[in-house]
Structure formats: C-alpha cells, structure tokens
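Have a look at the structure below, then the notes.
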Amino acid sequence: MNLSASELVHGAIAYAVPLWLAGIGELIGQCAGVVNIGIEGMMLTGALAAWAVSMATGSLWMGLVAAGLAGMLLAGLFAIVTLVFEADQIVAGTALNLIAVGATGLGFKVCLERGLTQSRLQFFSPWDPAWLPPPLHQYGLCWLTLALLMIAWIIIRHTRWGIELTALGEHPAAAHAVGIRVNLRRAACVLFGGLTAGLAGSYLSVMFNTQFNPNMTAGRGFLALAMVVFGRWHPAGLLVGGVFFGAVYWAGKTLEISAAGNAAASLLEMLPYVLSLIVLAGFMGKTRAPAALGQSFTPQ
Amino acid sequence: MLRATIRVLGTSLAAAAAATIIVLLVAALMGKDAPGILVALVAGPLGDVYRFADALGRACPLILCGLSVAIAFRCQAWNIGAEGQYLCGAMVAAAMGTRLGSLPGLLLVPCILLACGCAGAAFAAPAAWLENRRRVPLVLSTILLNFVAITLVTWLTQGPLRGSDPSAAQSNPIAASSHLPSLVAGTDLHAGFIVALIAAGLTWILVGWSTLGFAMRICGSNPTAAQWAGIHVGRVKLTAMLLSGGLAGLAGGVQVLGVHHLLNIQASEGFGYVGIAVALLGRLHPMGVTVAAIAIGMLDIGAGYAERQPQLGVPADLAAIIKGLLVICVLIITGPRWTRWWSRRRRRAMTTVQQGAPA
C-alpha cells in the first residue's frame, strides 16, 4: 500500500469538490433562512441530467447546463411549496428526495432503453499545466467552486447584499420593513442552491466518474448539509470541512481497495457519517443557527 | 368530529388525486397512454384477489413505518431516520432467523419481533441523545445514521451473515420456523399485517387517550406552553423517538420474516422514506396512516402491474414520483397559505348568507 501525501491532497480535494459545491448553495439558502434537505435529490437529478443530456447531444457542456437546470427545477418546486404556500421546509425537502429517486430511476431506465452510449463522448480531463504541483491537477469545476466559495465569503461578510442576506435569516420582518422582498430573495437563494447542487451532481457523473448509477450520490448531499451546520454557516468552515471529509472519503476508499476481499473494509464507508456525527456533537454547543432558519415569512 | 374527519379525508383524497393527475398529465405530454396507465394503476391492485392481497402485504411495512414517522412528527421530533431503524430491525431479524432456527416458531417469531423493535429503538436513541444533550438537530443525526445502517447491512451481508451463495452478497435464508405464516397462499400477505394492525390500534390508544399522547401533542403544537405546564419536553421527545424507532425496527423485522426471508442490500426499498409520505397523507393519525399505507401499497402494486404491460412502456419508478408529489400536494393543501385562503373564502360565504337571511 502506498499512501503518499501528494495523493492524499489530490484525493481530498477531488472528493471535496461536490461537497463544497453543494454546500455553498445550501449555505447561502440557510443564511437566508431556508433549509433545504432535498440537496441530495437535486444532486442525484443533476448527475443523471448531465450524463443523459451529454450522451443525447454529444456535448458535455450541454450536459452541465442541463444539470444546473435540473437542480433548479427541483429547487423551484421547493421554493413554490415552502415560500409561496409556506409549507414545512424539512418535509418538503424529503419530498424532493422522493421525487428525485423516482425520476432518476425512471430516467436511467429510459436512457438504457434508448441505447444511449457514451462511446463518442470526449470527457473532460483535469487541468494539468506543468507549473502546477500534481496534487492540484483538478477539473476546472474545482477552481470554479473555490472561486465561488471565496466570492460567497466576500459577499456574505463584506457587502450590502451579504448583510441583507443575513437579515433574511435572522429577522425577516426587519428586512421586510426596510423594503427587501423577503420571499423573492429567498427564492433566488433556493434556486442558486439548486444550481450548485445540480452542478455538484454533474461533477460526480461526467467528471469524477464517467457514468451514472442510481445511488451514486450516496449521502454526499446530506453530508454537505451537516458541513454547513458545523462549519457555522461560514464559507471558511465549509472549506475546511470539505477538505477534511474529502480526505476521509479518499482514505476510506483507498484502504477499502487495498483490503479488497475483507468484508470489514466495507465498514470504512461508514467513516464520513460517523465522523460528521461526532463533529456535530462536539461543535453544536458553540454554534447558533440563523434565528429564523426554517420559518416561513408572511409579509403583512 | 364527523365533519372534521370528512374534511381531513377530503384533503388527503384531493392531494392523492392531484398527484396522480400531474403524473398522468406529464406522461401524456411524453406521448404515453395516460388513460391506460390510470387503468393499470387501478386494475393492478383491484383487478385480482391475489394482487389485492399483495397490496395489503406491501402495506404492512408501510403501516409500521408510517406510524413510526407519525409518532415522531406529532411532537415535532423530525425523525427522518425510519429507514436506518428499519434496516436495524431487518438485520436483527436475519441474524436471529438464520442462527436460532432450532427454536419453535411460536416462541421464536415473537422473540425476533421484540428484538427488532428494540434494535430500532436503540438505533434511534443516539440521535435523541445528541439532540437532547448536544443540540444536534434530529434531522441531521437521523439522516446520517441512515447511511451508517446501510453500511452495516453491506458489511453483514459480505461478512458475518454472508450466505453460502458465493455470487450474491446476501445472508442465508432464515429458518422456516421463523417465517411469519402466509394469510393468502402465494401472495405477500402474511401474519405481519395483523401485527401492523395491532400496532396501529395500540398507537391510536397511545396518542389519543394516554397522558403521554396528550403530552406529545402539546410538545408538538407549543413546546413553550408544554414547558410551563410542567411537561418535560426533552423526555417526551426522547420517548417518542424510542417508540418511533421501535415501530420502524418492527417494520424491518416483519418484512424479513414475512416477505424477504433473507437479508441483502435491497432489504428496505426506501420504506422508511415512504413512511414520511404515508404519515403525512394519513395526517399523522394512526387510522389515517393505516388507510394511507394501504393506498400506497395499492399504488406500488398498480405501478408494478403497469410496468408489466409492455404496450404502456412505463417503469414502476412512476410510483416513487407520485409519492413525492403526494407529499408536495398534502403540504400545499394543509399549508398556512392555502388554509388562510380557504377560511377567508368560507367566512365571506358565511357573511353573505347572514346578510341575505333577514331580507
């Protein structure tokens, strides 16, 4: 077995990208006071959309667009139910996951029936100029994600938009009083969350892996949700959490492959979930969620 | 009372109808034979006694999972972990069923079911503890525990419980003495259905007529008032979570002993998540949950039947989409916005009547 630091860093970042990407959308939504636990479903739908549309059109770029749109479609449904009809956000999120499981199962079967193949697809390759150290030879989406994290950080902490965003999550009535259209802004945040979750799914199906399978998100969306919470609703927390869990995923997978045939190795897949529970237990006492998180707002 | 029941029934029926119509409309837009699909969905469970029995058998884990979710949701303990608790029950049932086959069935089956319930409750306990002591939201901890349970099933079926069939990651079949007897030969309707009905009855008594049920309702509608009334909110929620986990665990046990007769990674088919749809459609009431579970069971059988009609060309995944939309529709119809609009309309209608009366 050969665990080098370079491979560890490369693996950690590669596994972290979908967590970061899905996490940043969820973080912005939660800062605005909307908790969407349908993130897993949006990722899965995005993954299928990217794969299927890439194969159907022959263009991976079209696939990426489709992934974003698919995520936003589900997010739009969520926004209508929770923001227009003011329904419970947790339950609406689980409904999103149910729909996604059915829709991707159905879509996957349709793809197989139509005999779509990926043989003529030219998949993306990681960006690897000679001057970049090998651990950073990542897909372009990785750099886009990191840029997004930085931009989100600056916006949330240092701009008027960010302060208004915080107001939406802390005291929507106050935001309403100064003329902010609370539910419209919240809807925009939810849609952004759908976009990033869909793209995170596409990373799984056309970059990191080059095919779709029905359970491929395997709880990553929920892990991203947990990361937002113990990252204390801060992009920096998300950044650190992503690297940590990316490393855990990579180490688990590497150990599992090297111990192939040993049934106990499959227990390693449990690692990210157990660890995140432990981290949550350790950190939660010191954090405070946005005060209006999960509450709907009715303008008077 | 009667009027309230009718209204509740009406909203659930409206939601179910809306979800089905949306799916059929989408199917029609995709060029499928929508009326044909509707006929298949109905004829599936109702066209044949055996398939109806299958639908009741299918409803069995759904009733128990629905009750599990309903009990937790009633006091706003957001247990999304029925799936994991179900899998725990299934694991215990498979382990005991394969190892203790020498015991007589009349002793073995109740023992296994009891153990399954305890396993489910034990799996819900850490989540309840984490919320109580460490303020970790139940939503998060229960979801994460689901994935822990899935990994445990993978491990058991590849390791300690791995059966003699080298090509499949599954346990050996459980001993015949641990099977739940079939009620209609050749179908999935087994004695577990009676267990589920008894559980529903007991839950009804618990939530409707016991002090604990009352405390749960208060904790759900107004935790602050409950606190002031001297109700220990944390303890009530903990109890509800344990009961919820127990019911989900029981569902897993019943399904393994009654239908699957072995453990593999397909032990659940997402029953824990569908339990959320069942609980909402049944409006968190044990009797409502039972009816809703039977309806969803019929939907599953209907979708399976539709899949087997080659001219329709629709996969059974249709059912999952309908279930998800069902939740959305129930949420919309019972949500504050719709309720406000509805009551305003009624009030306006009533004032019109009153104003018109003296003239």
Side-chain angles (χ1 to χ4, degrees), chain A residues 35 37 40-41 77-78 80-82 84-88 90-110 113 215 218-219 222-223 225-226 229-230 262-274 276-277 280-285 287 289 296 298, chain B residues 23 30 73 78 80 126-127 129-131 133-137 139-141 143-152 154-160 162 169 270 273-274 276-277 280 313-338 340:
Chain A
V35 52
I37 69 169
E40 175 92 0
L77 184 64
F78 178 84
I80 291 172
V81 177
T82 59
V84 177
F85 291 99
E86 300 170 16
D88 187 89
I90 302 289
V91 184
T94 59
L96 233 50
N97 289 330
L98 274 179
I99 294 177
V101 168
T104 52
L106 196 139
F108 186 51
K109 279 181 195 162
V110 170
E113 255 169 39
N215 293 317
F222 295 124
L223 202 62
L225 191 69
V229 175
F230 61 66
N262 185 353
S266 64
L267 282 176
L268 288 166
E269 281 178 31
M270 187 190 293
L271 222 53
Y273 308 105
V274 174
S276 62
L277 274 172
L280 277 172
F283 273 79
M284 272 316 278
T287 61
S296 50
T298 321
Chain B
V23 168
M30 287 166 65
F73 277 22
W78 301 116
I80 316 289
W129 181 83
L130 280 172
E131 176 175 61
R133 290 298 157 90
R134 309 294 313 178
R135 298 203 302 129
V136 178
V139 175
L140 276 180
S141 53
I143 285 178
L144 293 171
L145 281 171
N146 284 343
F147 290 92
V148 174
I150 292 172
T151 328
L152 282 176
T154 315
W155 168 63
L156 278 182
T157 51
Q158 291 177 358
R162 174 147 204 162
Y273 296 117
V274 178
I276 297 172
L280 285 181
V314 287
D317 302 85
L318 199 68
I321 302 180
I322 296 184
K323 286 172 209 165
L325 285 175
L326 205 61
V327 176
I328 299 269
C329 293
V330 173
L331 279 176
I332 287 180
I333 296 181
T334 61
R337 177 62 73 89
W338 190 284
R340 271 203 307 273

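Naming convention: chains lettered A, B, ... in sequence-line order (proteins, then strands); numbering from 1 in each chain. Both backbone and side-chain heavy atoms feed into the values below; hydrogens, waters and symmetry mates do not.
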**Request:** Test side-chain contact (heavy atoms from CB on, under 4.5 Å) on B:I80 and A:F222 and set out the steps.
**Result:** CA-CA 12 Å; B:I80 316 289; A:F222 295 124; over 6 Å; no
**Asked** After noting the C-alpha distance and the side-chain angles of A:V91 and B:F73, does the key distance pass the side-chain contact (heavy atoms from CB on, under 4.5 Å) rule?
**Response** CA-CA 10 Å; A:V91 184; B:F73 277 22; 4.0 Å; yes
**Request:** In sequence, state the C-alpha distance, the side-chain angles, and the governing distance for A:S276 and A:L223, and then conclude on side-chain contact (heavy atoms from CB on, under 4.5 Å).
**Result:** CA-CA 8 Å; A:S276 62; A:L223 202 62; 3.6 Å; yes
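Of the atoms belonging to B:W78, it is side-chain heavy atoms, and not backbone ones, that fall under 4.5 Å from chain A. Heavy atoms closer than 4.5 Å to chain B are found in the side chain of A:V229, but not in its backbone. Using a 4.5 Å cut-off between heavy atoms, B:L280 contacts chain A through its side chain alone, with no backbone atom that close. Residue B:R340 touches chain A through its side chain alone, counting heavy-atom pairs closer than 4.5 Å. Using a 4.5 Å cut-off between heavy atoms, A:A218 contacts chain B through its backbone alone, with no side-chain atom that close. Contact of A:L225 with chain B is made through backbone and side chain together, with heavy-atom distances under 4.5 Å. If you measure heavy-atom distances from A:L106 to chain B, the contacts under 4.5 Å come from both the backbone and the side chain. In this structure, chain A has heavy atoms under 4.5 Å from both the backbone and the side chain of B:V136. When heavy atoms are compared at a cutoff of 4.5 Å, A:S296 does not approach chain B at all.
For chain A, the option among B:V139, B:L130, B:L140 with the highest count of heavy-atom pairs below 4.5 Å is B:L140. If you tally non-hydrogen atom pairs under 4.5 Å between each of A:D88, A:I37, A:L271 and chain B, the highest count goes to A:D88.
One finds the CG atom of A:L96 at 7.0 Å from the CZ atom of A:F78 (value rounded to the nearest 0.5 Å). Rounding to the nearest 0.5 Å places CD of B:E131 at 12.5 Å from CG of A:L280. Taking CD1 of B:I143 as the start and OH of A:Y273 as the end, the distance is 11.5 Å to the nearest 0.5 Å.
Shown here are the salt bridge (charged side-chain N to carboxylate O under 4.0 Å, His left out) partners of A:E269, two or more places apart in sequence or in another chain: there are none.
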Do any side-chain atoms of residues 320-334 of chain B form donor-acceptor pairs under 3.5 angstrom with protein atoms, and if so which ones, sequence neighbours left out?
from	atom 1	to	atom 2	distance (Å)
B:K323	NZ	B:D300	OD1	2.8
B:T334	OG1	B:V330	O	2.8

